[in-house]
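Count residues from 1 along the sequence.
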Amino acid sequence: MCLGIPGRIVDVAQGRPRMGTVDFDGLRREACLEYVPEAETGDYVIVHVGFAISRVDEAEAARTLAVIRAIPDALATELGTEP
């Protein structure tokens with residue numbers, strides 16, 4: 001399975017490529033933020049294979065996460081259990 005997962009940016013690192021830490025319903029992972037240069041800490045983004053590909057509002061992120069949570073083990077499968 002290969003889903004775009006919404007998460008909230010909790011930290012943006014300095015340097016290139018532009019990277020950040022994204023919280024996915026309690027699981028935190030590093031993601032490349034080069035494709036969403038306008039995104040900042042606190043914004044929600046859709047992350048696909050380690051790259052944030054678009055910004056979304058909080059309500060849309062919550063709706064999408066609710067659907068993903070309904071799929072057994074979807075978050076763990078997509079994000080893995082190890083950081």
Identify whether [X] and [Y] are in the same connected component of the hydrophobic contact network (ILVMFWY, side-chain heavy atoms under 4.5 Å).
| X | Y | answer |
| --- | --- | --- |
| Ile46 | Val22 | no |
| Tyr35 | Val49 | yes |
| Tyr44 | Phe24 | no |
| Leu3 | Val47 | yes |
| Phe51 | Leu27 | no |

Between [Y] and [X], is there a side-chain heavy-atom distance shorter than 4.5 Å?
| X | Y | value |
| --- | --- | --- |
| Arg18 | Val12 | yes |
| Arg8 | Glu58 | no |
| Asp23 | Arg28 | yes |

Quick check: closest heavy atoms across [X] and [Y], and the distance to 0.1 Å?
| X | Y | value |
| --- | --- | --- |
| Val10 | Thr41 | O-CG2, 3.6 Å |
| Pro72 | Ala70 | CD-O, 3.5 Å |
| Gly4 | Ile68 | O-CD1, 4.1 Å |
| Pro6 | Ala61 | CG-O, 3.7 Å |

Open item on the list: For the backbone of Glu34 and the side chain of Arg16, can you confirm whether one donor and one acceptor N or O come within less than 3.5 Å of each other?
Closed with: no
Say you draw a straight line from [atom1] of [X] to [atom2] of [Y]; how long is it, rounded to the nearest 0.5 Å?
| X | Y | atom1 | atom2 | value |
| --- | --- | --- | --- | --- |
| Glu30 | Thr21 | CD | OG1 | 3.5 Å |
| Glu40 | Arg55 | CD | CZ | 8.5 Å |
| Leu33 | Ile53 | CG | CD1 | 12.5 Å |
| Thr64 | Ile5 | OG1 | CD1 | 9.0 Å |

